[in-house]
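Working notes for the structure below.
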Amino acid sequence: MEQIRVQLPDGSIKEVVKGTTVEDVARGISPRLLKAAVCGIVNDVKIDLSFPLEQDCSLTIVTIDSEEGLDVLRHTVAHIMAQAVRRLWPDTKLGIGPTIENGFYYDFDLKHSFTPEDLTKIEAEMEKIIQEDLLITREEISLEEAKKLFTDDGEVYKLELIDELKDQQISVYRQGEFYDLCRGPHLNSTGKVKAFKLLNVAGAYWRGDSERPMLQRIYGTAFPKKSELDEYLVQLEEAKKRDHNKLGRELELFTTSELVGQGLPLMMPKGAKVLQILQRFVEDEEEKRGYLMTKTPFMSKKDLFEQSGHWEHYQDGMFKVPGDDEDDMLALRPMTCPFQFLIYKSKLRSYRELPIRYAETSTLFRNESSGEMHGLIRVRQFTISEGHLICTNDQVESEFKGALDLINFMLDTLGLREDVWYRLSKWDPDNKDKYIGSPEAWERTQEQMRNILDSLGLEYKEAEGEAAFYGPKLDIQARNVHGKEDTIITVQIDFSLPERLDLSYVDRDGEKKRPIVIHRTSIGCYERTLAMLIEKYAGAFPTWLAPIQVKVLPVSDDFVDYAKETAQKLQYAGIRVEVDTRPEKIGYKIRGAQMQKVPYMLVVGAKEKDNNLVAVRHRKEGDIGQMSANDFIGKIIEEIATKKLD
RNA sequence: GCUGGCGUGGCUCAGGGGUAGAGCAGUCGAUUCGUAAUCGACAGGUCGAGGGUUCGAAUCCCUCCGCCAGCUCCA
């Protein structure tokens with residue numbers, strides 16, 4: 001029998017008979033490996049355990065506890081779910097069923113619309129399929145065979161996918177009566193699945209195209225062990241408790257009213273206070289870094305937006321305000337750029353003035369469509385730390401880096417750095433109508449941005465079709481507690497609007513030249529940042545950001561005066577303080593302050609009053625002992641001044 | 001905008017054709033208390049809005065508004 005040489009990840013070579021399967025190799029190594037094995041990687045290609053090795057190769061055996069193994073498991077569970085849905089609703093047509101971060105989904109097209117109760121039914125059917133321990137097999141077929149197979153079933157969506165696989169090997173996986181177009185690999189039997197859960201149902205357009213039919217998507221997850229699944233589900237529940245939309249209302253940061261409408265939150269005193277602190281912090285820091293503040297109108301005649309291109313490219317996102325007659329249309333501003341450009345243009349500019357850094361705490365209005373609004377994250381009116389750096393071509397790199405340095409400083413100070421990632425958002429060359437400017441300029445600017453990022457050694461992803469209509473962006477992304485991704489900060493290089501608004505400066509040689517504009521935010525949108533902070537800290541803001549920093553709690557009515565006196569001292573020192581004067585027991589007051597997530601509680605009773613002290617309790621550390629009010633003030637002032645994170 | 005779910009006092013929820021219920025929060029009274037819930041009383045709702053079916057609608061039907069998740073779109 002012919003022997004082949006198989007190289008394992010540790011570098012060792014195993015000689016096996018030609019035709020030996022991956023599973024056999026695993027068996028030959030150890031029973032434990034065999035049990036945990038889900039698939040193999042042969043010469044960098046993922047394959048099933050049943051794959052026979054025909055020639056010398058490198059082989060990694062993927063186990064269920066690895067990231068790749070988990071992916072295989074979840075993909076198989078997605079098939080089991082599709083099989084179950086097919087058994088329960090035989091008229092179901094299948095869409096796609098990929099794995100995603102933390103789980104999988106499958107899209108279905110059927111007349112019946114799934115209810116949450118259906119998920120339980122489907123889970124029960126899946127459990128049966130797992131009990132049946134069906135063998136999962138791979139079959140490679142030709143394009144014609146594939147077309148025939150799925151035409152007979154009326155699987156229109158699968159046929160569309162097959163059409164795009166023209167030059168590739170088409171494979172079908174079968175388990176019992178069920179089969180599906182799939183690249184694989186998969187577990188080798190349904191019985192290997194130990195722990196899964198279906199999570200929710202939602203609509204999703206076929207191929208992500210809103211012009212095409214909407215299918216029903218079921219999300220689920222799976223883990224090698226039940227305990228891991230349970231742990232994950234607990235984690236999900238815990239995350240929901242941090243939801244800014246729930247906590248923000250409970251903590252009286254903001255509220256909404258049906259009378260006001262969607263996407264228009266009302267900031268309550270505590271929420272407004274946090275926003276004010278953030279805003280002052282940003283404005284002061286920008287001033288230190290050479291920004292000039294502007295204050296421009298919330299609306300303009302449409303003429304301005306026509307010139308900037310917003311009217312043509314952004315009209316759907318704008319609120320229009322009718323004027324006295326047809327031609328006198330106004331619009332609320334969706335961005336501040338054109339206004340600041342007019343300030344720049346108000347006189348002739350010299351190269352000596354550049355770079356000019358304009359900053360504005362800009363309130364913007366965007367007419368988001370009704371299904372998009374969410375808490376403080378997607379709203380129709382918001383305030384953003386918007387700025388425009390007008391510079392020469394030679395200054396772009398240093399200005400870009402300066403903007404990014406400010407951003408990173410902000411993220412570090414707020415403790416958010418570890419929660420974000422960077423994305424180079426490029427245009428979509430197949431969709432030129434969405435943009436202004438020439439393809440060459442787009443490519444050149446994107447390359448320039450890439451070079452800057454690379455020279456900083458910054459790690460980033462690239463994303464096509466995510467650019468602004470006037471230029472590419474560096475977006476700084478974060479996830480909310482539901483795992484949904486949002487842009488929180490952005491830096492953009494704009495070569496188009498300076499042209500459209502005819503910005504210029506007089507250069508050293510006396511010639512008029514075109515400047516470049518960098519659009520940037522430093523913490524982005526204040527409302528969205530507040531939402532992130534609420535979720536990051538579960539409402540327990542670092543002391544410098546806390547709307548109430550100290551709560552003074554008299555042990556009984558007899559000490560209310562002393563409590564008020566103490567609070568007065570703190571207030572003079574600029575500390576945000578409240579006194580709980582309710583005729584309640586101390587435990588009750590502490591509980592109240594804990595639930596409001598106030599950083600410090602000062603308990604005052606006879607012992608404190610007689611010795612002119614306060615008993616300090618920290619929301620996390622508990623009782624930290626007595627000290628004089630002045631000592632406490634010194635301590636907390638220091639904590640606030642250094643913007644200490646918990 | 002699309003799909004699905006949901007709207008009952010400030011909050012969390014029960015009731016599901018026969019004239020609105022609990023807990024917490026609030027107010028008042030009693031208690032004057034030492035590190036996460038003292039006791040009692042009171043008050044609070046045109047059951048999201050508007051139409052319809054019915055002798056009778058919080059409950060069934062329709063439209064709209066709002067909330068939640070996802071898709072699409074975007075900071």
Side-chain angles (χ1 to χ4, degrees), chain A residues 105 107 113-118 199-219 240 243 245-246 249-250 252 255-263 314 316-317 334-335 362 364 366-380 382-386 425 465-466 468-469 473 475-478 482-490 492 519 521 523-529 531 553-560 582-595 601-608 615-619 622-624:
Chain A
Y105 67 78
D107 287 344
S113 46
F114 294 129
T115 63
E117 296 76 62
D118 288 337
L199 298 171
N200 53 318
V201 199
Y205 297 111
W206 170 237
R207 315 221 82 182
D209 184 345
S210 55
E211 303 295 311
R212 309 203 59 185
M214 181 162 271
L215 311 182
Q216 299 185 65
R217 174 172 298 177
I218 300 179
Y219 287 92
K240 278 184 196 150
D243 187 341
N245 206 3
K246 190 171 152 49
R249 292 166 199 272
E250 277 171 17
E252 299 183 0
T255 185
T256 50
S257 162
E258 292 189 9
L259 293 173
V260 178
Q262 284 191 302
Y314 206 82
D316 289 347
M335 298 174 196
S362 304
L364 305 179
R366 296 185 186 176
N367 193 2
E368 303 290 344
S369 30
S370 66
E372 312 295 357
M373 265 75 74
H374 168 66
L376 297 180
I377 289 180
R378 275 295 277 282
V379 288
R380 282 182 164 157
F382 55 93
T383 300
I384 197 165
S385 58
E386 196 174 10
S425 298
E466 298 287 350
F469 73 81
K473 309 190 283 176
D475 286 327
I476 298 180
Q477 304 293 108
H482 295 106
K484 197 180 165 100
E485 179 178 340
D486 277 297
T487 301
I488 57 164
I489 296 174
T490 181
Q492 307 161 6
H519 305 239
T521 63
I523 62 167
C525 163
Y526 287 97
E527 291 82 351
R528 193 173 275 188
T529 303
L553 312 176
V555 167
S556 79
D557 282 356
D558 293 344
F559 310 105
V560 166
R582 295 174 301 176
E584 296 287 351
K585 284 183 164 179
I586 192 65
Y588 184 85
K589 294 182 187 178
I590 288 172
R591 183 180 148 81
Q594 284 288 154
M595 295 207 305
M601 288 152 257
L602 300 184
V603 176
V604 293
K607 283 182 268 175
E608 288 73 24
V616 183
R617 182 190 163 95
H618 185 262
R619 66 183 166 204
D623 190 349
I624 55 178

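To find a chain, count down the sequence lines: A is the first, B the second, and so on, and within it residues start at 1.
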A:Ser113 or A:Ala202: which one's nearest nucleotide on RNA chain B is closer to the 5' end?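 Result: A:Ser113.
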If you assign each of A:Phe114 and A:Ile489 to its closest nucleotide in RNA chain B, which residue comes earlier from the 5' end?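 Counting from the 5' end, the first nearest nucleotide belongs to A:Phe114.
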According to the Watson-Crick and G-U wobble definitions, with both distances under 3.5 Å, which nucleotide is paired to [N]?
N: B:U54; result: none
N: B:G26; result: B:C42
N: B:C74; result: none
N: B:C6; result: B:G66

Looking at every strand, decide which applies to A:Glu485 at a 4.0 Å heavy-atom threshold: base, sugar-phosphate, or nothing.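 Since no nucleic acid heavy atom lies under 4.0 Å of A:Glu485, the category is nothing.
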Kindly point out which of [options] is positioned nearest to the side chain of [X]?
X: A:Tyr205; options: B:G34, B:G1, B:A69; result: B:G1
X: A:Arg528; options: B:U31, B:C71, B:C74; result: B:C74
X: A:Arg591; options: B:A37, B:C71, B:C73; result: B:A37

Sub-3.5 Å pairs of nitrogen or oxygen atoms, protein against nucleotides 14-16 of chain B:
none

When you compare B:C39 with B:G45, how far apart are their C1' atoms, in angstrom units rounded to a whole number?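 Nearest-Å result for B:C39 against B:G45 at atom C1': 27 Å.
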Pick the P atom in B:A25 and in B:G40, then give their distance to the nearest Å.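 B:A25 and B:G40 have their P atoms separated by 13 Å.
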With no hydrogens and no angle check, just 3.5 Å: does a side-chain donor-acceptor pair link A:Thr487 and A:Gln477?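 Present: a donor and an acceptor within the cut-off.
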Between the protein and nucleotides 66-68 of chain B, list every N/O to N/O distance that falls short of 3.5 Å.
unit_1	atom_1	unit_2	atom_2	d
B:C67	OP2	A:Gln262	NE2	2.8
B:C68	OP1	A:Asn245	ND2	2.1

Can a salt bridge be assigned to the pair A:Arg207 and A:Asp209 using a cut-off of 4.0 Å between side-chain N and carboxylate O?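 Between A:Asp209 and A:Arg207 there is no salt bridge, as every charged N stays at least 4.0 Å from the carboxylate O atoms.
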